[in-house]
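Both counts, for ligands and for their atoms, begin at 1 and track the order of listing. Numbering starts at 1 and runs along the sequence shown.
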Amino acid sequence: MGIDIKTVGIVGAGQMGSGIAHVCAMAGLDVRLNDREGSRIESGLATIDGNLARQVAKGTITDDQRRGAVGRIVQARSYDDLAPCDLVIEAATEDEATKRKIFSTLCGSLKPDAIIATNTSSISITRLAASTDRPERFIGIHFMNPVPIMQLVELIRGIATEDPTYESAKAFIGKLGKTSTMSEDFPAFIVNRILLPMINEAIYTLYEGVGSVESIDTAMKLGANHPMGPLQLADFIGLDTCLSVMQVLYEGLADSKYRPCPLLVKYVEAGWLGRKTKRGFYDYRGEVPVPTR
Ligand code: NAD
């Protein structure tokens, strides 16, 4: 039997942590939001409020629901403030040392039966579990970006994750109105294992001169019915993130088919990281995005 999750702690109030807080609060759960920097908690709360207000304006939720959700999220300035949580989800920077430090410090503040989860996109769940005092109550809960919009959540079991932990996490995702899939603990799990090599191949197609940015994106939008072209999607994800997932696949699976395209490396070295830096495979500085090749 799993545990009924009513109070959720979130460590890391960036784009993913605030999105997770948003959907938990909308599902009626109590949320405690933590970050290393207090200002990030405040900006996370402001983002959530802005996104909820947009949903009210669109008529997808009522103003009462917005106020209810905002009222259910409280700031957790220390790990001790996470003591009442049934589940704590770590959504801090994608860096193994940072995450290990969080887990080893956090455990002492939590109830013994609390579940700990990580939102990592690529780091081994089994390795992260080993830095806690409860590997059997540790699991990967991988939300997609943007969290309030994307339907899927990947659940990843580490080698020691016990059935009740998995069942509790699955029920929790159901409560959020989302769909979960189960993945074994291998590099990049399922979605990124399949998606990122496709994006990397699109970049090779550009690199080898098979097609222009526009031809490649149009080909995949109209020829494969993808809502976005692969290069447009790469810019949306962030080219640094794309490169780091490819490196995890390349190193973790030791197979040359995952080698990152040199053109992707070049864009990242130039600091052209996609939408967030206003330039990637497209230039976003003008009114409409213009291909950079
Ligand atoms: P982000 O940079 O927006 O947010 C990370 C936050 O973690 C920052 O606010 C930072 O201050 C905080 N932080 C860093 N160290 C901390 C610590 N020791 N204690 C508490 N807070 C700390 O990053 P993000 O895009 O929200 O990514 C967070 C996690 O989610 C990563 O593991 C990432 O791989 C994963 N993820 C990201 C995406 C995506 O598309 N961005 C999708 C799925 C999963």
Side-chain angles (χ1 to χ4, degrees), residues 9-24 32-48 51 75-82 85 88-107 109-110 116-125 127-128 131-132 138-156 173 178 180-181 183 187-196 199 228 232-249 252 273-277 280:
I10 298 166
V11 177
Q15 56 174 344
M16 295 305 291
S18 56
I20 298 166
H22 173 141
V23 296
C24 289
R32 295 178 164 236
L33 187 57
N34 167 271
D35 199 287
R36 182 174 53 182
E37 293 169 41
S39 63
R40 296 295 299 241
I41 307 180
E42 273 142 32
S43 59
L45 289 172
T47 304
I48 296 167
N51 289 342
Q75 301 196 21
R77 291 289 175 160
S78 72
Y79 292 151
D80 283 346
D81 291 339
L82 301 176
C85 295
V88 174
I89 304 172
E90 171 278 314
T93 313
E94 186 75 344
D95 172 66
E96 187 161 342
T98 303
K99 291 185 190 291
R100 293 181 77 92
K101 177 88 192 301
I102 291 172
F103 294 131
S104 57
T105 327
L106 171 72
C107 288
S109 300
L110 304 184
I116 305 178
T118 173
N119 188 48
T120 181
S121 312
S122 57
I123 302 169
S124 159
I125 303 303
R127 260 200 332 264
L128 290 177
S131 61
T132 73
F138 188 90
I139 190 164
I141 302 186
H142 183 217
F143 287 86
M144 310 289 132
N145 184 26
V147 182
I149 292 171
M150 300 298 281
Q151 182 60 28
L152 182 77
V153 180
E154 286 186 302
L155 294 178
I156 307 107
I173 298 308
K178 297 198 182 285
S180 55
T181 50
S183 164
F189 319 131
I190 295 174
V191 173
N192 288 337
R193 166 86 177 256
I194 298 171
L195 185 63
L196 268 298
I199 288 175
M228 257 189 214
Q232 194 188 355
L233 180 58
D235 276 358
F236 182 76
I237 296 172
L239 302 190
D240 51 340
T241 306
C242 291
L243 179 59
S244 94
V245 176
M246 286 311 297
Q247 279 161 340
V248 165
L249 284 169
L273 307 182
R275 278 185 172 272
K276 61 187 170 190
T277 59

* **Neighbouring protein residues of ligand 1 - any heavy atom closer than 4.0 Å** => V11, G12, G14, Q15, M16, N34, D35, R36, R40, Y79, A91, A92, T93, E94, T98, K99, I102, N119, T120, S121, H142, F143, N145
Contacts under 3.5 angstrom, residues 147-154 side chains, donor-acceptor by atom type, not counting sequence neighbours:
from : atom 1 : to   : atom 2 : distance (Å)
Q151 : NE2    : G177 : O      : 3.0
Q151 : NE2    : T179 : OG1    : 3.1
E154 : OE1    : H142 : ND1    : 2.9
E154 : OE2    : I190 : N      : 3.0
E154 : OE2    : V191 : N      : 2.9

* Taking atom CD of E94 and atom OG of S121, what is their separation to the nearest 0.5 Å? ->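 One finds 4.5 Å between CD of E94 and OG of S121.
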* Asked: What distance separates Y79 OH from L110 CG, expressed to the nearest 0.5 Å?
  ->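 Reported value, rounded in 0.5 Å steps: 10.0 Å.
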* Test side-chain contact (heavy atoms from CB on, under 4.5 Å) applied to N145 - qualifying residues, sequence neighbours left out ->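 By the side-chain contact (heavy atoms from CB on, under 4.5 Å) rule, N145 matches Q15, M16.
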* By ring-ring contact (aromatic ring centres under 6.0 Å, His included) - contacts of F138 (at least two apart) -> F103
* Asked: Do T241 and L273 have side chains that get closer than 4.5 Å, going by heavy atoms?
  -> no
